[in-house]
Number of protein chains: 4
Amino acid sequence: MARPTNTDARRAEIVEAMLRVMARRGYARASIAAIAEEAGLTAGLVHYHFRNKQAILLALVERIAGVAQARFEALSASATSPRARLDAFIDAHLARGEGADPDAVACWVALGTEALAQPEIGAAYGRVIAGQLEALTQLVRDAGAAPGDAPRVAAGLLAAIEGAFRLAAIVPGAIPDGSAAATVRAMASGLLGGEDR
Amino acid sequence: MARPTNTDARRAEIVEAMLRVMARRGYARASIAAIAEEAGLTAGLVHYHFRNKQAILLALVERIAGVAQARFEALSASATSPRARLDAFIDAHLARGEGADPDAVACWVALGTEALAQPEIGAAYGRVIAGQLEALTQLVRDAGAAPGDAPRVAAGLLAAIEGAFRLAAIVPGAIPDGSAAATVRAMASGLLGGEDR
Amino acid sequence: MARPTNTDARRAEIVEAMLRVMARRGYARASIAAIAEEAGLTAGLVHYHFRNKQAILLALVERIAGVAQARFEALSASATSPRARLDAFIDAHLARGEGADPDAVACWVALGTEALAQPEIGAAYGRVIAGQLEALTQLVRDAGAAPGDAPRVAAGLLAAIEGAFRLAAIVPGAIPDGSAAATVRAMASGLLGGEDR
Amino acid sequence: MARPTNTDARRAEIVEAMLRVMARRGYARASIAAIAEEAGLTAGLVHYHFRNKQAILLALVERIAGVAQARFEALSASATSPRARLDAFIDAHLARGEGADPDAVACWVALGTEALAQPEIGAAYGRVIAGQLEALTQLVRDAGAAPGDAPRVAAGLLAAIEGAFRLAAIVPGAIPDGSAAATVRAMASGLLGGEDR
DNA sequence: AATGAATGAGCCTTCATTCAT
DNA sequence: AATGAATGAAGGCTCATTCAT
């Protein structure tokens, strides 16, 4: 009773530390010891707050997806047209500037590989993707896509976003300066019928 | 002279075995022992033919990129217009059917993560991407992209391709049936000015 | 604070275990597993306390040199003449009886070989030898060696000491009973000009 | 029949190659592959000529001891006094110049460690030392040592020689320039009664 | 004689996890 | 909550040795 619980704060710190370490080394080499050091804690304490290493990764999936979602909501708030809301989605993921976190991007890329190999991570990752796909499908539908086309268009745009993460994270310079968001917007325009915003 | 060498064949077998194991488990969990077993060899022999585990991965990068390149050249041979050659590039990577290898796709996705953490892999991966970007830039230029736009368009299309790999490999069903190639072709049309194929 | 540290004691135990194993088998065959068993620990724990095998060897160099130095200081305390202090140095290294440790001698011999092959060990070994040479040079100077001769005399005596270790450790019986200390004392007398022993 | 046997030459080459590699890396790290490469052969062939790695080491003991013995005999041939023959022994081992081989010295030092751990090597090394001790005992006796003292004196001088090898090989500069032979000669003089040569 | 593939054992090291304190 | 010791299981890699050719 005496000591107020700091569990939530500690857990967030640990997740954040894993984000940093994993962006640099990948999941397998992100040892608990390294994560603990990054967070200024001891390895034992990390296991006090998380059942195992996978549990941290699961929390990390939520954390990254949550930040992206929040960013979308923030940008979306000032959007007045369906098309503007679609652009907000694209910008939430790809625009440079405030809120953009290269480590999170690298981490998300690395995370995909774990989703491939660890069913639990695959499920969590799949849930995030499904949610984004659903949102995006609605957005493109609102923006004028033919109802039957919407799922394909949404999948294409999400693929372009995820692919842009990959190229940007792995091959510096592969994507010209800050063109990612603008290019995906243009793709959206093309897929929606070419009409301008 | 006394004994004929079989190194090339063995190396190919080992690379192929790594492809299979890695598609399932990722790089870190693709132990030499598991690779050897998949290939029907002993772990010692694997190290006789490859200096270390990374060397197998490096060979795998070349192998996957080479197959994709060969597939493009085959499809491209029967293309008669610039736009058809661009479609050949897209189809070479995304079309279902003969030559499509889901394990290679999963492996390529996993490989990106290693490219992030291992500089040597990053360099090899970067070289492949740079080559594809260069080819794609020329293709979109030939297909009528404004010269100044070509690099951006190429990067966008390659991102869409890589992202489609990711979604397809990690989240079954994320991309409707076999729509990936068609959707990216449509994106290309949009980016090139909306003219039909 | 929660748990008191026992690292220093454990490290000493491990170093001592390496001393025993290495005296019997040499460095290369003194596997971490064998050292751990000798110390009654697990191999994993050895690596918890030492970064790697070489680090144990480095600690062992200090340990052996430290014991010899301590023995010299103890014997030297009761020496009343310069010549007696020189004899104390010789006896500290070569006399039988209390404090003499055949395992340490064998280990020191084996250590020289590693000093030859591992630069870090060579440096540590070289530092010890340099210190002994310096001390010995001063001792023979005090005992009446011509100033210009002192370094040569010191080197000769240290060589005789190290060589006696070798012969004694490797070829039982090569050095008659316990004659080593007396013989080196006689060498010192000869080199110093034959004055009384 | 057609092919004249080259076994003896090959064996000598292999022993020589081990000498070079072992001087650099020590016995354990002198892999058969490294030895073969140094000799310009293949690992398989090395095992064709030697039953196992230890057998090469055994041959190496004989080779190094044989060279020293030959050098002694050559220098001894022109010696006219007992004392000169004793000096010839010392010079045969310690003098710089023609015939001195730093690699052989380093190797001999490393060899001692193996003698400690491998009984067969210990026996071979012991035989060499016993032979040298016997010869040296006779030499010091001829040079005027008191009969009862001769074994001790011989042991002391051999220790000084072996110790000089060690210091010279491991700690460059420990023994001033080329003073080793002269210093051991002086030691001999002292032990023999101080009379000059 | 010679080559090169193949084996199998062993070693150092890393690391997630547990647990006493 | 927190620390730090301890464990046990792998994993990558080296290497002497064998053997078919």
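Sequence lines set the chain letters: A, B, ... in the order given, protein chains first and strands last, and positions in each chain run from 1.
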Rounded interatomic separation in angstrom, taking [atom1] from [X] and [atom2] from [N]:
{"X": "K53(D)", "N": "dT14(F)", "atom1": "NZ", "atom2": "C1'", "result": "11 Å"}
{"X": "M22(D)", "N": "dA16(F)", "atom1": "CE", "atom2": "P", "result": "13 Å"}
{"X": "L41(D)", "N": "dA1(E)", "atom1": "CG", "atom2": "P", "result": "13 Å"}
{"X": "R3(C)", "N": "dT21(E)", "atom1": "CZ", "atom2": "P", "result": "7 Å"}
{"X": "R10(B)", "N": "dT7(E)", "atom1": "CZ", "atom2": "P", "result": "8 Å"}
{"X": "I14(D)", "N": "dA16(F)", "atom1": "CD1", "atom2": "P", "result": "14 Å"}
{"X": "H49(C)", "N": "dG4(F)", "atom1": "NE2", "atom2": "P", "result": "12 Å"}
{"X": "R29(D)", "N": "dG10(E)", "atom1": "CZ", "atom2": "P", "result": "20 Å"}

Comparing A30(C) with V46(B), nearest DNA chain E nucleotide closer to 5' gives the residue V46(B)
Subject >> Side-chain (R29(B)) to main-chain (A28(A)) donor-acceptor, under 3.5 angstrom >> reply: no
I'd like to know if the side chain of R11(C) and the backbone of H49(C) have a donor-acceptor N/O pair within less than 3.5 Å. yes
query: When we call it a touch if two heavy atoms are under 4.0 Å apart, what does L45(A) touch: a base, just sugar-phosphate, or nothing?
result: base
Would you mind telling me which of [options] lies closest to the side-chain atoms of [X]?
{"X": "H47(A)", "options": "dG4(F), dA16(E), dC13(F)", "answer": "dA16(E)"}
{"X": "T7(D)", "options": "dA1(E), dA2(F), dA16(E)", "answer": "dA1(E)"}
{"X": "Y48(B)", "options": "dA2(F), dT17(F), dA5(E)", "answer": "dA5(E)"}
{"X": "T5(B)", "options": "dA6(E), dA6(F), dA5(E)", "answer": "dA5(E)"}
{"X": "T42(B)", "options": "dT13(E), dT7(E), dA16(E)", "answer": "dT7(E)"}
{"X": "I32(A)", "options": "dA6(E), dT17(E), dT13(E)", "answer": "dT17(E)"}

Between K53(C) and E114(C) (salt bridge meaning N to carboxylate O under 4.0 Å), is one present in this structure?
no
To the closest 0.5 Å, what do you measure between [atom1] ([X]) and [atom2] ([Y])?
{"X": "I56(D)", "Y": "R63(D)", "atom1": "CD1", "atom2": "CZ", "value": "14.5 Å"}
{"X": "L57(A)", "Y": "Y27(A)", "atom1": "CG", "atom2": "OH", "value": "5.0 Å"}
{"X": "R166(A)", "Y": "T113(B)", "atom1": "CZ", "atom2": "OG1", "value": "7.0 Å"}

- Item | Contact under 4.0 Å: R51(C) side-chain N or O vs dT13(E) OP1/OP2 | no
Does a sphere of radius 6.0 Å around CD in E37(A) hold more than 12 heavy atoms from other residues, nucleotides or ligands, not counting ones at 6.0 Å or beyond?
no
Practice task
Quick one: do L19(B) and I64(B) satisfy side-chain contact (heavy atoms from CB on, under 4.5 Å)? Show the steps, please.
Solution key: CA-CA 9 Å; L19(B) 174 70; I64(B) 295 179; 4.0 Å; yes
Output row for DNA chain E, stems defined as at least 3 consecutive Watson-Crick or G-U pairs under 3.5 Å, is E:2-21 with F:2-21
On DNA chain F, more 5' by nearest nucleotide between N6(C) and S31(B) is N6(C)
